[in-house]
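Reminder, nothing fancy here: chain letters follow the sequence lines and each chain counts from 1. Heavy atoms only: backbone and side chains are in, while hydrogens, waters and symmetry mates are out.
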Amino acid sequence: MTHPSAMKPRVRFAPSPTGHLHIGGARTALFNWLYARHTGGAFILRIEDTDTARNSQEAVKLILDGLRWLGLDWDEGPLTADATGPSQGDFGPYFQSQRHANYRNRVEALLSRGLAYEHAGAVKFKMQREPIAINDLVAGQVIRKLTDREAADPDFVIMRSDGQPVFHLVNVVDDLDMGVTHVIRGEDHLSNTARHVALFRAFGVPPPHYAHIPLILNADGSKMSKRDKGASLAAYMEQGFLAEAVANYLCLLGWSPKDNREKLSIEEITERFDVPQILRHNARFDYEKLLWLQGEYARELNDDRFYELAVHAFARAGLDTNSYPLPYVKAALDTCKGKFKTFGELPAYAGFYFRDVQDYNPEAAKKDFVPENKPRVQALRDAFGKLDKFDAASLETALKSTAAALGVKAGVLVHPCRLAVTGNVAGPSLYHSLEVLGKEKSLQRMGRALERF
RNA sequence: GACCCUAUGGUCUAGCGGUUAGGACACCACCCUUUCACGGUGGUAGCCCGGGUUCGAUUCCCGGUAGGGUCGCCA
């Protein structure tokens, strides 16, 4: 058999479909994908659905959707969430639930050679007691000794009493059968690797290269469990993050281009990425930094994608932009460009364009909707009412001259006006907002607000 | 309890025996400004501790401490 190093790299992402796609899992997939693309190798997606009690097709769908959203295309693997559905690649099926014969044969082989034995209806593998050396591409050479519990009974179950194969067995058998050359996975598997190496030896083949990547921790340094909000890739998809921002950020956790750059396209990263450069220590997930990168990418979005994502965000919030003229929608969105980060923020930021002002920011109303401001806003409304051209420049001129006539600073009029028209204290340029809303709506909203003073 | 990995400002990191320890996010101040952002300028803040090795350790070795992982008929 050809040694793994002589072949084009074949890597895989092998999640178990028992819940959402974990952010750490997404990064593992990303690193595998990067390595495959960097080396011209193959990226395989394999679904490890051997835990029949906890697997679900819905979870498979979440994995496929998440990977596709991130732009991680796989060369081999399932095309749908259906375990018996279509797939691509010559080493299928890619669902372990469909590969039972392989496992059965492998177990039989071990049994017949005396390398495994039956115990209480299950099959256990005869694990060696001597320490096993693992040459890890990230961690270096690791000598794994037995723990005290393992020393008491080093053997482990590879097939349950109900005939179902266990993770350690299927993982190794599939990596072997699929010709996987590099196993890039979370560090939580490093201790398990001794068992996997022992199994490869039992099957008479050299183990693949291993690269155990550090884990992603919560901001406080604690373990990021499935329960933690922010642990799911779907959470970022739903909040309106851009896939390129999330992917870029994930790459910065445990890997660095080393030239002080932070924002890199996936193409640049693919070119520079390599496994030996992966850091050895865990990294905390910094939401603020992700947000910053998101802002960087959001600002340079082209118009078409910006409109599409914005309209989608409004729709998700229950605001139907389709009932407004397209030029109005575009003009409204143009005033928001570069002013917000995630699209999830957009409806709250600029929803006033697509619905009446329901309520005013309470604190601001208390401060701005006061008796002494009433004649001022009234005067401003009158000035706006006399405008023939209701565009930003004219509105700005009108506001400033009104302020001058009243002997107050522009801000004195700007704040209550913005609050009256948008209900918010912050938002797009006031003059442009008014222009987009139009004379009728603007005056009407100011009039309505005047009743609250 | 045992075994394994790790350790540069609050966070992500550059550094690979001699540096004023660099960058980014966050934070603070100021500027810009109709708000919020953006942008600009400046600033606070770091090599976990203790031993070695060395002329010299953030950097190499050992120990400690701390964090993380693993020891399932979960994956």
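Toward the 5' end of RNA chain B, the nearer of the two residues A:S256 and A:R261, judged by each one's closest nucleotide, is A:S256. If A:G140 and A:G411 are placed on RNA chain B by their nearest nucleotide, the residue sitting closer to the 5' end is A:G140.
Rounded to whole Å, the separation between the P atoms of B:A7 and B:C60 comes to 9 Å. Straight-line distance between the P atoms of B:A26 and B:A21: roughly 26 Å, to the nearest whole Å. With P as the reference atom, B:G1 and B:G64 are 14 Å apart, rounded to whole Å. When the C1' atom is compared between B:U41 and B:C32, the two are found 11 Å apart, to the nearest whole Å. When the C1' atom is compared between B:A57 and B:G15, the two are found 14 Å apart, to the nearest whole Å. Comparing the same atom, P, in B:A24 and in B:G40 gives a spacing of 10 Å after rounding to whole Å. Taking the C1' atom of each, B:U58 and B:U6 are spaced 16 Å apart, rounded to whole Å. Between the P atoms of B:U33 and B:C27, the separation comes to 23 Å (whole Å).
Out of B:C12, B:U6, B:U11, the shortest distance to the side chain of A:D286 is found at B:U11.
With sequence neighbours excluded, no residue satisfies salt bridge (Lys or Arg N to Asp or Glu O under 4.0 Å) with A:D148. With sequence neighbours excluded, the residues satisfying side-chain hydrogen bond (donor to acceptor under 3.5 Å, both in side chains) with A:R54 are A:D51. Take A:K124 and apply the salt bridge (Lys or Arg N to Asp or Glu O under 4.0 Å) test, not counting sequence neighbours, and it matches A:D153. Residues forming a salt bridge (Lys or Arg N to Asp or Glu O under 4.0 Å) with A:E268 (at least two apart in sequence, or on another chain): A:R261. Taking the side-chain hydrogen bond (donor to acceptor under 3.5 Å, both in side chains) definition, one finds that A:E76 meets it with A:R10, A:Y94, sequence neighbours left out.
Counting any heavy atom pair closer than 4.0 Å across all strands shown, A:G254 reaches sugar-phosphate atoms only and no base atom. Contact annotation for A:I158: no contact, since no heavy-atom pair falls under 4.0 Å across all strands. In this structure, A:I143 reaches the sugar-phosphate backbone alone: every heavy-atom distance under 4.0 Å involves primed, P, OP1 or OP2 atoms, never a base. Within the 4.0 angstrom heavy-atom criterion, base atoms lie near A:L430. A:K400 comes within 4.0 angstrom of the backbone, heavy atoms only, and of no base.
Contacts between residues 337-359 of chain A and RNA chain B, defined by a heavy-atom separation below 4.0 Å, involve A:G338, A:K339, A:K341, A:Y349, listed by number. Taking every heavy atom of residues 50-67 of chain A and every atom of RNA chain B, pairs under 4.0 Å involve A:T50, A:D51, A:R54, by number.
At whole-Å resolution of the value, CD1 in A:I134 and P in B:C3 are 15 Å apart. The distance between atom CD1 of A:I278 and atom P of B:C5, rounded to the nearest whole Å, is 18 Å. The distance between atom CD1 of A:I213 and atom C1' of B:C12, rounded to the nearest whole Å, is 16 Å. The CD1 atom of A:I269 sits 14 Å away from the P atom of B:U13 (whole-angstrom rounding). A:R272 places its CZ atom 14 Å from the P atom of B:A14, with the value rounded to the nearest Å. Taking atom CD on A:E288 and atom P on B:C25, their separation rounds to 12 Å, with Å as the unit. In this structure, the NE2 atom of A:H212 is 11 Å from the C1' atom of B:C5, given to the nearest Å. Remark: P of B:G15 and CG of A:D259 are 11 Å apart, rounded to the nearest angstrom.
Nucleotide B:U20 forms no Watson-Crick or G-U wobble pair with any nucleotide shown, as no partner meets the under 3.5 Å limit on both distances. Applying the Watson-Crick and G-U wobble criteria (two distances, each under 3.5 Å), B:U34 pairs with nothing in any strand. Of all nucleotides present, only B:C28 satisfies the Watson-Crick or G-U wobble test against B:G42, with each distance under 3.5 Å. Under the Watson-Crick or G-U wobble criterion, with both distances below 3.5 Å, B:C60 is paired with B:G52. With a 3.5 Å ceiling on both atom-pair distances, B:G9 lacks any Watson-Crick or G-U wobble partner. Using Watson-Crick or G-U wobble geometry with both donor-acceptor distances under 3.5 Å, B:U70 finds its partner in B:A2.
Between A:K289 and B:A24 there is no side-chain polar atom (N or O) within less than 4.0 angstrom of OP1 or OP2. Distances shown here put every side-chain N or O of A:K145 at or beyond 4.0 Å from the OP1 or OP2 atom of B:A2.
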**Report entry** Contact state string [nucleotides 57-73 of chain B, B base, S sugar-phosphate only, - no protein heavy atom under 4.0 Å]
**Finding:** ----------SBBSB-B
Donor-acceptor pairs are to be reported for all side-chain atoms of residues 354-364 of chain A against protein atoms at under 3.5 Å, with residues two or more places apart or in another chain.
{"unit_1": "A:Q358", "atom_1": "NE2", "unit_2": "A:D356", "atom_2": "O", "d": "3.1"}
{"unit_1": "A:N361", "atom_1": "OD1", "unit_2": "A:E363", "atom_2": "N", "d": "3.2"}
{"unit_1": "A:N361", "atom_1": "OD1", "unit_2": "A:A364", "atom_2": "N", "d": "3.1"}

Ignoring hydrogens and angles, write down the donor-acceptor pairs under 3.5 Å from the side chains of residues 379-386 of chain A, residues two or more places apart or on other chains.
{"unit_1": "A:R381", "atom_1": "NE", "unit_2": "A:L443", "atom_2": "O", "d": "2.7"}
{"unit_1": "A:R381", "atom_1": "NH2", "unit_2": "A:L443", "atom_2": "O", "d": "3.2"}

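Annotation: salt bridge (charged side-chain N to carboxylate O under 4.0 Å, His left out) contacts involving residues 399-419 of chain A, sequence neighbours excluded, comprise A:E396-A:K400. Pairs of residues two or more places apart, or lying in two chains, that qualify as ring-ring contact (aromatic ring centres under 6.0 Å, His included) and include a residue from residues 278-302 of chain A are A:Y236-A:F285, A:F241-A:Y287, A:Y249-A:F285.
Note: A:F167 and A:H196 meet the aromatic proximity criterion, with ring centroids under 6.0 Å apart.
Checking A:H212 against A:T193 by side-chain atom types alone, a donor-acceptor pair falls below 3.5 Å.
When atom types are taken as modelled, the side chain of A:D49 and the backbone of A:S97 share a donor-acceptor pair closer than 3.5 angstrom.
Using bins of under 30°, 30° to 60° and over 60° for the plane-to-plane angle, the ring pair A:H100/A:Y103 lands in the perpendicular bin. Ring pair A:F200/A:Y210 is perpendicular by interplanar angle, where above 60° counts as perpendicular and below 30° as parallel.
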Query - Worked verdict on A:H415 versus A:D368 for side chain to side chain donor-acceptor pair (under 3.5 Å) - result: CA-CA 7 Å; A:H415 296 292; A:D368 292 327; 5.3 Å; no
